[in-house]
Amino acid sequence: MTKQRSSSPTRDNQVKEDLVLIIETKLVKAVDPAIDHDAIQQAAQILKNGGLVALPTETVYGIAANALDSQAVAGIFAAKGRPQDNPLIVHISDIDQLAPLVAQIPPQAQALAEAFWPGPLTMILPKSQLIPSAVSAGLSTVAVRMPSLPVARAIIREAGVPVAAPSANLSGRPSPTTAQHCVEDLWGKVGLIVDGGSCQVGVESTVVSLTGDIPTILRPGAVTPAQLEQVLGKVELDPAVFSHLEEGAQVSSPGMKYKHYAPKAQVVLLTGDTKAVMNYLTKQQADGVFALVFEEDMALLPVQGRSMGPIKDSSSHAARLFGLLRELDEAGAKKIFARTPPKNDVGLAVYNRLIRAAGFREVYL
Ligand code: TXA
Ligand code: MG
């Protein structure tokens with residue numbers, strides 16, 4: 001670890017010194033725990049020592065630290081530039097790690113764990129004393145998830161501790177779905193980036209709160225409302241999922257307050273049939289204008305564009321979305337017109353991320 005001093009003279013010619021902590025980052029590949037044992041060992045060792053690791057999961061890459069070590073967790077907030085009042089998800093490798101983290105396991109949580117874990121589902125439960133307040137951002141609850149990607153679980157198991165891991169992007173940027181995205185955002189800030197290839201799901205886990213009377217979805221993901229209802233009966237969707245919050249509004253999930261998933265370009269959603277969308281885009285032709293559309297639209301586009309996949313393939317939209325937003329930034333996009341995706345299955349999550357990236361700008365054609 002090296003500390004670099006960057007000096008900048010102030011107006012009265014005194015030297016103001018900012019301490020910038022730069023750490024050596026390594027990049028290793030790990031796809032199969034049975035083969036990539038060395039990489040998994042390295043990652044686990046860093047976590048045990050209180051360091052930070054960017055690791056793959058089936059949803060998006062996470063920036064991981066020992067969830068029981070407040071100082072290590074503070075490092076996550078610093079590396080991401082994350083607001084302190086936005087709590088973290090604690091990741092476990094095995095079900096017996098759950099009980100010590102929570103005040104109790106309600107029958108609904110038991111049922112959800114049996115149905116969807118390991119997998120892209122996060123549950124909000126009353127926390128135990130073991131959870132540092134840095135993880136829960138002072139709330140009385142904790143978010144817990146057991147990822148399904150074998151490499152992620154192998155690292156957590158080898159570390160022997162539950163692992164706090166928000167998405168491995170700089171705060172406000174699109175979540176990373178490849179190791180290269182982690183390199184862009186976190187090089188010099190984490191000890192290790194574990195390259196497990198592209199994330200299969202591509203959008204973050206479904207977050208469901210079990211702390212109120214009716215289970216409530218705080219963030220849609222690959223586990224759909226219909227799937228949750230099959231296990232839980234009635235499930236509500238938090239109003240903040242699709243609507244713009246007033247300044248100072250009470251939120252169930254602090255993450256909802258923040259502008260999220262956003263590329264540098266301005267994003268606008270276009271809702272309408274193919275003809276109306278193409279007519280609209282024809283009038284928008286300008287330098288730096290791009291479209292994010294479906295495979296079927298590509299041949300008709302009057303502006304430069306990218307395909308999220310066939311219109312009916314919501315899984316493909318999810319898998320490609322964040323990578324494409326980053327790619328369009330790289331391509332110099334100033335404005336991105338995204339065609340509103342179908343909201344069925346994981347499509348609801350894709351729409352939720354897009355409307356947030358768009359700052360709720362949606363044009364109905
Ligand atoms: O798929 C995922 O969930 C990824 C991968 C790495 O596992 N992680 C992830 O973490 O998306 P993050 O920090 O980017 O998103 C966590 C969301 C935030 O919106 C946060 O506010 C919310 O979960 N959250 C965490 N703890 C909470 C709590 N106790 N109550 C309400 N919301 C909570
Ligand atoms: Mg995030």
Side-chain angles (χ1 to χ4, degrees), residues 58-60 120 173-178 180-181 197-206 219-227 237 241-242 260-365:
E58 73 280 17
T59 56
V60 300
R173 299 265 298 133
S175 293
T177 52
T178 64
Q180 180 55 34
H181 299 156
S198 294
C199 298
Q200 198 202 334
V201 176
V203 292
E204 307 87 342
S205 61
T206 305
R219 180 175 73 183
V223 175
T224 65
Q227 285 179 301
L237 203 57
V241 167
F242 296 121
H260 247 138
Y261 319 112
K264 292 167 194 147
Q266 188 188 62
V267 180
V268 179
L269 254 67
L270 299 182
T271 302
D273 62 27
T274 305
K275 195 164 166 236
V277 168
M278 297 309 153
N279 281 340
Y280 183 89
L281 287 173
T282 304
K283 292 182 220 137
Q284 301 297 323
Q285 287 172 335
D287 201 34
V289 168
F290 284 78
L292 196 53
V293 293
F294 308 120
E295 201 70 56
E296 296 85 344
D297 299 327
M298 289 302 281
L300 308 168
L301 270 186
V303 296
Q304 300 182 77
R306 299 286 188 282
S307 163
M308 296 190 280
I311 187 163
K312 291 207 171 127
D313 189 354
S314 293
S315 300
S316 162
H317 308 166
R320 294 192 199 177
L321 176 68
F322 287 139
L324 287 174
L325 291 178
R326 283 178 181 254
E327 195 182 311
L328 288 174
D329 267 343
E330 297 261 298
K334 295 191 188 109
K335 203 158 190 177
I336 301 168
F337 290 102
R339 206 168 162 190
T340 303
K343 294 170 198 161
N344 43 318
D345 303 327
V346 75
L348 190 70
V350 177
Y351 174 72
N352 167 263
R353 306 314 190 265
L354 264 173
I355 194 77
R356 287 171 164 266
F360 297 90
R361 278 178 298 265
E362 184 168 358
V363 178
Y364 296 88
L365 300 168

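Starting from 1, each residue takes its place in the sequence as its number. Side chains included, hydrogens not; waters and symmetry mates left out as well; all remaining heavy atoms used.
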Qualifying salt bridge (Lys or Arg N to Asp or Glu O under 4.0 Å) pairs with a residue from residues 297-308, counting only residues at least two apart or across chains: Asp297-Arg339, Arg306-Glu327
side-chain contact (heavy atoms from CB on, under 4.5 Å) partner of Arg353, the single match among Pro174, Pro220, Ser175: Pro220
Passing candidate, side-chain contact (heavy atoms from CB on, under 4.5 Å) with Met278, options Leu270, Val303, Leu365, Leu300: Leu300
Gln200 atom CD: more than 12 heavy-atom contacts under 6.0 Å: no
Thr178 and Ser198: CA distance, side-chain angles, deciding distance, side chain to side chain contact (heavy atoms under 4.5 Å, CB included) verdict: CA-CA 5 Å; Thr178 64; Ser198 294; 3.8 Å; yes
Considering all heavy atoms of both residues, which atom of [X] and which atom of [Y] are nearest to each other, and what is their separation?
X      : Y      : answer
Pro120 : Val223 : O-CG2, 3.8 Å
Arg361 : Val267 : NE-O, 3.2 Å
Ala357 : Leu325 : CB-CD1, 4.5 Å
Ala333 : Ala265 : O-CB, 3.3 Å
Met308 : Ser316 : O-OG, 2.8 Å
Ala349 : Val203 : CB-CG2, 4.0 Å

When rounded to the nearest 0.5 angstrom, what is the spacing between [atom1] in [X] and [atom2] in [Y]?
X      : Y      : atom1 : atom2 : result
Leu328 : Lys335 : CG    : NZ    : 14.5 Å
Tyr351 : Arg356 : OH    : CZ    : 11.0 Å
Asn344 : Ser314 : CG    : OG    : 4.5 Å
Leu269 : Tyr364 : CG    : OH    : 8.5 Å
Phe337 : Leu301 : CZ    : CG    : 12.5 Å
Thr271 : Tyr280 : OG1   : OH    : 11.0 Å

Could you tell me whether a side-chain N or O of [X] sits under 3.5 Å from a main-chain N or O of [Y], the two making a donor and an acceptor?
X      : Y      : answer
Thr206 : Gly221 : yes
Thr282 : Pro302 : no
Thr224 : Val346 : no

Residue pair Lys312, Phe294: steps toward the side chain to side chain contact (heavy atoms under 4.5 Å, CB included) verdict: CA-CA 9 Å; Lys312 291 207 171 127; Phe294 308 120; over 6 Å; no
side-chain hydrogen bond (donor to acceptor under 3.5 Å, both in side chains) contacts in which one or both residues fall within residues 284-296, not counting sequence neighbours: Glu295-Ser307
Those residues that, when tested against Asp329, pass salt bridge (charged side-chain N to carboxylate O under 4.0 Å, His left out) (two or more places apart): Arg173
Distance-only polar pair, side chains of Ser205 and Arg219, donor-acceptor under 3.5 Å: yes
